[in-house]
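Structure first, then comments.
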Amino acid sequence: MPENADLIVHHARQVVTCAGGGAKRGAALMNVGLVEDGAIVIQNGRIAAVGRSNEILGSYSSAQQIDATDKVVCPGFVDAHTHAVYSGDRVNEFELRIGGAAYMDILAAGGGILSTMRATRQASEEQLVREAQARLQTMLRLGTTTFEIKTGYGLDTETELKLLRVIEILAARFEIVPTFLGAHAIPPEYAGHTDEYVDLVIDEMLPKARQWYKQSLFAQQGKAFYIDVFCEDGVFDREQSRRVLEAGLALGLGAKLHADEFKALGGVTLAVELGAVSVDHLDMTPPHEIQGLAESETIGVVLPAVNFHLGSTPYANARGMIDAGAAVALATDLNPGSAPCFSMPLVMALACRYQKLLPAEALNACTLNAAYALGMGERVGSIEMGKQADLLILNAPDYRHLMYQMGHNLVETVIKRGVVQDFREALTGEA
Ligand code: NIG
Ligand code: FE
């Protein structure tokens with residue numbers, strides 16, 4: 001008697017499982033775990049079995065089946081770096097930059113992150129939820145099933161806590177890992193007094209953020225809570241970044257770091273030394289620090305949509321990182337200033353063209369490695385027995401079309417925790 005299941009997806013031309021026993025490096029990044037004529041069995045929101053269709057269909061039956069003939073099934077994407085909660089836009093700055101203004105000069109003049117801070121401070125919690133929800137829904141439609149979201153547009157204790165509450169409200173509907181980025185920029189109240197602002201982050205914001213986390217849904221779900229810092233010339237230097245991250249670690253939180261986006265300040269070495277789960281951007285990272293990253297457990301998260309959007313810094317040397325043996329992940333960095341990008345497939349398309357990742361490497365970097373960059377590698381990021389059933393059905397004959405084709409959405413069906421997502425409601429706005 002075949003065993004009964006909640007859902008069976010069968011006869012996929014390719015199932016790419018991305019399976020692996022940890023974050024992938026080197027040659028392992030070329031292995032997408034391809035199963036031809038594949039099938040997946042889902043029970044209670046989890047993967048119960050994966051294999052060839054004839055074997056699976058002989059062992060399982062289900063009232064709900066999806067025929068994926070001529071299609072590809074892959075894991076849902078994990079976007080390991082977003083700033084998805086903000087208000088307003090920066091379309092005027094987009095024009096200024098086209099005219100030659102530099103991103104960091106706009107910030108130094110009180111625009112950039114600070115202009116988004118002003119809009120975000122003014123916005124109500126409800127408005128921020130509404131706006132972020134629309135963004136996450138768009139990203140889900142494009143295949144992202146797990147999101148990291150950072151605070152960082154409040155830059156005062158009250159607003160940073162408001163952003164944490166917004167993230168928790170969003171988590172009722174989307175799978176999220178939260179990150180506290182109080183040290184994202186120096187707010188106008190502390191202009192010229194960066195060390196005092198760092199003191200505020202450490203003495204007031206971090207303890208309150210931790211208190212919030214302990215009582216949050218995220219702690220209940222057993223998810224990590226990370227601390228991040230924008231380590232950059234004119235923002236937080238290496239020692240200030242160290243102080244914030246060490247304070248977070250002392251409170252039992254995890255560490256991430258924005259490093260080397262415009263200037264190499266030694267942030268990668270700092271992140272590795274502190275055992276950060278990831279270090280992100282890495283556009284200007286020198287070879288000896290890439291080597292140090294490769295010898296560590298820290299994941300290098302590269303964000304090519306930023307280079308595409310700003311056009312001012314070279315793409316991170318992700319090829320060199322992989323060749324050196326580093327575990328590399330890709331993410332959108334969704335934010336209104338440096339990357340108004342919702343699409344992991346676009347990020348993969350850029351990584352293949354400008355960073356010379358092969359499609360297999362790009363896919364592993366957006367799934368399993370990205371999951372490990374959030375401490376979620378045991379739950380999501382690959383199609384393996386016991387993991388959450390977060391899958392995509394692609395309207396393509398080969399997974400490489402995800403990177404090869406550009407500018408339209410190949411994701412036909414999104415399955416999150418075993419539930420086929422219905423996007424009609426989002427179009428009509430009906431509850
Ligand atoms: O990751 N670099 C700092 N933070 C963001 C940009 C935020 C913004 O411009 O609003 C980033 O690129
Ligand atoms: Fe960022």
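Only this structure's heavy atoms are used, side chains among them; waters, hydrogens and symmetry mates stay out. First listed ligand is number 1; within each ligand, the first listed atom is number 1.
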Quick check on the 6.0 Å ring-centre criterion: do His193 and Tyr190 meet it?
no
Centre-to-centre under 6.0 Å for Tyr103 and Phe262, is that the case here?
yes
Which protein non-hydrogen atom lies closest to atom 11 (C) of ligand 1, naming both residue and atom, and how far is it?
Asp333 OD2, 3.0 Å
If you measure from atom 7 (C) of ligand 1 to every heavy atom of Phe262, Tyr153, Phe230, which option wins on shortest distance?
Tyr153
Relative to Tyr226, does Lys256 satisfy both conditions: NZ or CZ under 6.0 angstrom from the six-membered ring centre, and within 45 degrees of the ring's axis?
yes
Answer yes if the side chains of His281 and Asp260 hold a donor-acceptor pair under 3.5 Å, and no otherwise.
no
The answer for which part of Glu232 has a heavy atom under 4.0 Å from ligand 1 is neither
At a 4.0 Å threshold, what atoms of ligand 1 neighbour a non-hydrogen atom of His184?
3 (C), 4 (N), 5 (C), 7 (C)
Tyr86 near ligand 1, heavy-atom distance under 4.0 Å?
no
Arg135 to Tyr86, cation-pi by 6.0 Å centre distance and 45° axis angle
yes
NE2 (His81) to the Fe ion (ligand 2) to NE2 (His83): angle, nearest 10 degrees?
100°
Does the ring center of Phe94 lie less than 6.0 Å from the ring center of His309?
yes
For atom 2 (N) of ligand 1, what's the nearest protein heavy-atom neighbour? Residue, atom name and distance, please.
Glu261 OE1, 2.6 Å
Please report, to 10°, the angle around the Fe ion (ligand 2) from atom OD1 (Asp333) across to atom NE2 (His258).
170°
Got a sec: does the CE of Met385 have more than 12 other heavy atoms crowding it under 6.0 Å?
no
Examine His83 against ligand 1 and note whether any of their N/O atoms are separated by less than 3.5 Å.
yes
Look only at the side chain of Lys208 and the backbone of Asp203, and say whether a donor-acceptor pair between them is shorter than 3.5 Å.
no
Identify the closest protein heavy atom to atom 6 (C) of ligand 1: which residue and atom is it, and at what distance?
Tyr103 OH, 3.1 Å
Could you list the atoms of ligand 1 found under 4.0 angstrom from a heavy atom of Asn335?
5 (C), 6 (C), 7 (C), 8 (C), 9 (O), 10 (O), 11 (C), 12 (O)
With a cut-off of 4.0 Å, which atoms of ligand 1 are near a heavy atom of His281?
1 (O), 11 (C), 12 (O)
Of all the atoms in ligand 1, which lie at a distance below 4.0 Å from a heavy atom belonging to His81?
1 (O)
Judged by non-hydrogen atoms, does Ile113 sit under 4.0 Å from ligand 1?
yes
Using the benzene-type ring in the case of Trp, are the ring centres of Trp212 and Phe225 under 6.0 Å apart?
yes
Near Glu297 CD, under 6.0 Å, is it more than 12 heavy atoms from other residues, nucleotides or ligands?
no
So which protein heavy atom does atom 12 (O) of ligand 1 come closest to, and at what separation?
Ser338 OG, 2.6 Å
